[in-house]
Amino acid sequence: MNNFPKIIISGGGTGGHIFPAIAIANALKSILPNCEILFVGAVGRMEMEKVPAAGYKIVGLNISGIQRGSILKNLGLPFKVISGVRKAMKLISDFKPDAVVGVGGYASGPLLYAASLKKIPYLIQEQNSYAGITNKMLGKNAAKICVAFDGMESFFPADKILKTGNPVRTNIVDIEGKHHAGAELLKLDPLKKTVLITGGSLGAGTLNKSIEKHLSEIIAKDVQIVWQTGKFYYKGVIERLGLDYHPNVCILEFLNKMDLAYAAADLIISRAGAGTIAELCLIKKPVILVPSPNVAEDHQTKNAMALVKNDAAILITDRSAEDTLVAEALKLLENTTRCKSLSENIGKMALRDADIIIAEEVLKLVNKG
């Protein structure tokens, strides 16, 4: 193996892609501190901010995905793809990577395609239980495909698949013994039942509407909520309810101490992104998943169903959430036996050390080269 291997990690677009990518980079550095890592993302997407904040260099491609419901906005897409591939080819020629990793997101496709043309070995980290079109196409020439769910042979060559799970931020899932600290930080009573509602950093409109509509019922049951609205919705919620709506209601735009929020919660209501599910399996708390309908191939529903079929989570559809979500949550909180069963079953699905396992696979590719 080269003592100073060079590795490109491509992809991003959402925290669900970026944080696992950074986790893989950190694992590579922990195993081989002298390795050189370059990230490739999409111009204007959150990776261009988050990756440098984590201490890594990133280059942006001017690439975007298909815009649903707008033919005009998609007219320039083929030209962006061609331009993206050309820039990716030049990046590979200049950086000379020994291996490339794709984690999904707009930039991943052009970079992995360019790597295949340049005969650079590449690894795909497929986070979802249902692979997208781009990864399915690129999987044919991948050296290794690391997955988080069973049954991925229907999308990729079976001999290339390795079930590793999705990398998670280890500080996020370290919740042991933090229940009281979490309650104290959020100004909650540690002895009262608490529900955490999180729609991710941007927020989820359906979750916010569902909670706001039924706040009186939550308060009537003397249940506490940690309500992370997301930055798109926070201002509106605060304008309607005020900062101090009720002692049992903690409204936040973003959770900087996610581990403490997880630790304080008795029940978690969440979207069903692959990265979030990986965290929830390690946290081992009862979960209600409300998959987002606004994602390619409806993969969040498929992610959620992978848990539901193992009796490891409850699924509420997006269209029914406004009417049924809060009632289901309050009913579940009162059923301690059901909560215990869900906690035990979701814990059985946890896959640990995915970042280290994937990093080791990447370095194997370098060694083969």
Side-chain angles (χ1 to χ4, degrees), residues 5-61 63 88 91 95 97-109 111-112 115 122-128 135 144-148 164-174 198 200-202 231 254-259 262 273-283 350-363 365-366:
K6 293 184 173 185
I7 297 156
I8 291 179
I9 301 177
S10 62
T14 66
H17 290 305
I18 298 163
F19 296 126
I22 292 171
I24 294 168
N26 290 342
L28 284 165
K29 282 288 189 180
S30 72
I31 297 169
L32 204 65
N34 289 330
C35 70
E36 188 176 348
I37 297 171
L38 174 68
F39 278 77
V40 176
V43 171
R45 304 295 288 184
M46 67 190 307
E47 59 264 29
M48 303 306 293
E49 175 189 342
K50 297 293 184 183
V51 168
Y56 295 100
K57 182 181 177 183
I58 187 167
V59 177
L61 301 180
I63 187 74
L91 281 171
F95 187 70
D98 297 288
V100 172
V101 179
V103 298
Y106 300 145
S108 191
L111 205 289
L112 293 186
Y122 64 87
L123 177 150
I124 292 174
Q125 199 259 315
E126 174 55 66
Q127 298 172 356
N128 294 297
N135 273 359
K144 185 68 68 174
I145 302 158
C146 295
V147 302
T164 60
N166 285 321
V168 300
R169 294 165 287 174
T170 52
N171 61 310
I172 296 295
V173 297
D174 179 18
T198 173
S201 58
L202 300 181
K231 72 174 186 178
F254 186 73
L255 286 160
N256 291 314
K257 295 283 188 180
M258 197 69 196
D259 57 326
Y262 279 146
T276 299
I277 285 180
E279 291 177 1
L280 295 174
C281 289
L282 289 164
I283 288 157
L351 294 168
R352 300 181 182 279
D353 302 321
D355 53 345
I356 296 293
I357 296 167
I358 293 169
E360 289 172 344
E361 290 298 318
V362 174
L363 294 176
L365 300 186
V366 173

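Nothing fancy with the numbering, it's 1 onward along the sequence.
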Kindly determine whether Lys29 and Tyr56 satisfy side-chain contact (heavy atoms from CB on, under 4.5 Å), including the steps that lead there.
CA-CA 11 Å; Lys29 282 288 189 180; Tyr56 295 100; 3.7 Å; yes
Stepwise side-chain contact (heavy atoms from CB on, under 4.5 Å) test for Leu38 and Lys6:
CA-CA 8 Å; Leu38 174 68; Lys6 293 184 173 185; over 6 Å; no
Apply side-chain contact (heavy atoms from CB on, under 4.5 Å) to the pair Thr198 and Thr276, showing each step before the final yes or no.
CA-CA 10 Å; Thr198 173; Thr276 299; 5.7 Å; no
side-chain contact (heavy atoms from CB on, under 4.5 Å) for Tyr262 and Leu280? Distances and angles first, verdict last.
CA-CA 9 Å; Tyr262 279 146; Leu280 295 174; 4.0 Å; yes
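The shortest heavy-atom contact between Ile356 and Ser30 is CD1-OG, 4.0 Å. Listed here is the closest heavy atom pair of Asp355 and Ala23: CB-O, 3.7 Å. Of all non-hydrogen atoms in Ile18 and Glu47, the two that sit nearest each other are CD1-N, 3.4 Å. The minimum heavy-atom distance linking Val40 with Ala107 is given by the pair O-CB, 3.7 Å. Of all heavy-atom pairs spanning Glu126 and Asn128, the tightest one is OE2-N, 3.0 Å. Between Val103 and Ser108, the closest heavy-atom pair is N-OG, 3.7 Å.
To the nearest 0.5 Å, the span separating CZ on Arg169 from CE on Met258 amounts to 8.0 Å. Distance CG/Asp98 to CG/Leu365: 10.5 Å, rounded to 0.5 Å. Separating the CD1 atom in Ile358 from the CD1 atom in Ile24 is a distance of 4.5 Å, to the nearest 0.5 Å. In this structure, Ile283 CD1 and Ile172 CD1 are separated by 8.5 Å, a value rounded to the nearest 0.5 Å.
The only member of Val101, Ile9, Val100 that meets side-chain contact (heavy atoms from CB on, under 4.5 Å) when paired with Leu111 is Val100.
Atom NZ of Lys257 is surrounded by 12 or fewer heavy atoms from other residues, nucleotides or ligands within 6.0 Å.
You'll find the side chain of Asp259 stays beyond 4.5 Å of the side chain of Asn171, heavy atoms only. Counting heavy atoms from C-beta outward, Leu351 and Thr164 have side chains that stay 4.5 Å or more apart. Looking at heavy atoms from C-beta onward, Val362 lies out of side-chain contact with Glu360 at the 4.5 angstrom threshold. By the 4.5 Å heavy-atom criterion applied to side chains, Arg352 and Leu282 are counted as neighbours. The closest side-chain heavy-atom distance from Val366 to Leu32 is not below 4.5 Å.
When the side-chain contact (heavy atoms from CB on, under 4.5 Å) test is applied to Lys144, the partners found at least two apart in sequence or on another chain are Leu123, Cys146, Leu162, Glu361. A search for salt bridge (Lys or Arg N to Asp or Glu O under 4.0 Å) contacts involving Asp174 returns Lys178, not counting sequence neighbours.
A donor-acceptor pair shorter than 3.5 Å can be found between the side chains of Asn166 and Gln125.
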